[in-house]
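Working notes, structure below.
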Amino acid sequence: MPYINAFFQPRKNEDRPRVVPDGAVNFAFIGQFAETPRDTIFTTEYSIRTGMESVYTLLNVDRGVPEVWGSKYDIRELLRACYFGIDKKPITEIKLNLKEKEMLRILLKRVKGTDIELLLKDSGLIE
Ligand SMILES: Cc1cc2nc3c(=O)[nH]c(=O)nc-3n(C[C@H](O)[C@H](O)[C@H](O)COP(=O)(O)OP(=O)(O)OC[C@H]3O[C@@H](n4cnc5c(N)ncnc54)[C@H](O)[C@@H]3O)c2cc1C
């Protein structure tokens with residue numbers, strides 16, 4: 001995708017300024033290259049959130065910026081993301097070496113009849 005390379009460059013926490021840097025009282029940074037907690041760039045929501053955060057913080061507006069949904073802490077979403085990450089195939093269909101196949105066999109045996117098996121099924125990773 002043209003024009004999008006900068007978004008996908010490796011990024012450390014201190015690489016980009018916080019929306020309202022410590023001590024700032026009359027300026028803020030907004031948009032994709034300002035840092036706001038928890039969110040992921042490459043969305044229009046990110047830009048909007050930074051705008052809200054800057055106005056609410058600088059003008060002491062007593063309103064919360066809409067929460068970022070914590071999908072990275074939700075095992076169901078993470079498993080589903082893995083499923084999409086391997087082109088929507090069950091794990092049994094991906095190319096594995098002998099050792100990996102054996103580990104997978106042991107894992108699937110261990111989780112049989114457990115909630116983990118249900119979660120794996122729901123995600124599409126096993127059938
Ligand atoms: C290929 C691609 C696909 C995308 N797909 C999605 C998607 O599916 N969903 C999604 O949510 N987001 C998507 N995004 C991201 C989304 O488009 C951007 O995050 C969003 O548009 C950023 O909005 P913004 O207002 O912060 O900045 P921008 O839209 O970049 O606006 C910044 C504006 O400032 C102007 N400007 C720059 N410098 C100056 C200057 N010195 N003086 C005056 N004006 C200046 C620019 O011309 C521009 O108009 C995509 C982005 C790209 C590139």
Side-chain angles (χ1 to χ4, degrees):
M1 284 192 284
Y3 307 119
I4 200 64
N5 293 9
F7 282 4
F8 293 130
Q9 292 302 305
R11 164 182 195 162
K12 288 199 305 293
N13 199 27
E14 64 271 21
D15 283 347
R16 303 176 194 206
R18 300 236 315 271
V19 172
V20 180
D22 286 343
V25 292
N26 60 359
F27 72 93
F29 297 95
I30 60 170
Q32 305 291 305
F33 297 93
E35 199 69 63
T36 194
R38 294 184 302 279
D39 207 352
T40 305
I41 60 154
F42 193 30
T43 66
T44 49
E45 286 88 345
Y46 191 98
S47 287
I48 301 295
R49 195 168 279 114
T50 58
M52 292 169 103
E53 184 180 330
S54 61
V55 171
Y56 295 170
T57 307
L58 292 175
L59 300 181
N60 285 322
V61 177
D62 189 17
R63 282 187 67 179
V65 177
E67 273 291 311
V68 178
W69 184 50
S71 57
K72 70 175 178 176
Y73 303 110
D74 188 328
I75 187 76
R76 293 164 298 188
E77 292 303 327
L78 295 173
L79 291 173
R80 193 81 183 139
C82 291
Y83 172 70
F84 277 88
I86 55 171
D87 296 330
K88 298 191 260 177
K89 288 184 202 149
I91 26 179
T92 45
E93 278 182 30
I94 58 172
K95 208 172 161 196
L96 299 173
N97 64 33
L98 198 63
K99 207 170 169 186
E100 290 164 337
K101 272 188 195 155
E102 182 57 12
M103 283 168 66
L104 180 62
R105 192 189 64 77
I106 294 169
L107 174 85
L108 294 181
K109 200 174 155 196
R110 287 262 170 101
V111 300
K112 201 157 185 57
T114 68
D115 287 345
I116 295 176
E117 186 186 43
L118 290 178
L119 290 171
L120 285 168
K121 275 188 181 157
D122 286 348
S123 69
L125 283 170
I126 61 173
E127 291 172 320

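All values derive from a computational prediction rather than experimental measurement. We number each residue from 1, following the sequence as shown. Both counts, for ligands and for their atoms, begin at 1 and track the order of listing.
Comment: Glu35 does not engage Arg16 in a salt bridge, judged by the lack of any side-chain N to carboxylate O separation of less than 4.0 angstrom. Taking a cutoff of 4.0 Å between a charged side-chain nitrogen and a carboxylate oxygen, Glu102 and Arg105 qualify as a salt bridge.
The Glu45 neighbourhood of ligand 1 comprises atoms 11 (O), with distances under 4.0 Å to a heavy atom of that residue. Those atoms of ligand 1 with a heavy atom of Thr43 less than 4.0 angstrom away are 10 (C), 11 (O), 12 (N), 19 (O). Atoms of ligand 1 lying under 4.0 Å from at least one heavy atom of Gln32, given by number and element, are 19 (O). Close approach of ligand 1 to Gly31 (heavy-atom distance below 4.0 Å) involves ligand atoms 26 (O). Ligand-side atoms of ligand 1 in range of Ile4: 51 (C), 52 (C), 53 (C), range being under 4.0 angstrom from any heavy atom.
Shown here is Arg76, whose CZ atom has no more than 12 heavy atoms of other residues, nucleotides or ligands within 6.0 Å.
Partners of Phe7 under the ring pair (Phe, Tyr, Trp, His ring centres under 6.0 Å) rule, at least two apart in sequence or in another chain, are Phe33, Phe42.
Using a 4.5 Å heavy-atom threshold, the side chains of Ile116 and Ile75 count as separate. When side chains are defined from C-beta on, Gln32 counts as touching Ser47, because their heavy atoms get closer than 4.5 Å.
With a heavy-atom cut-off of 4.0 Å, Tyr46 does not touch ligand 1 at all.
Closest heavy-atom approach to atom 14 (N) of ligand 1 within the set Phe33, Phe42, Phe7: this belongs to Phe42. When Thr44, Asn5, Ile30, Ile48 are checked for heavy-atom proximity to atom 16 (C) of ligand 1, Thr44 turns out nearest.
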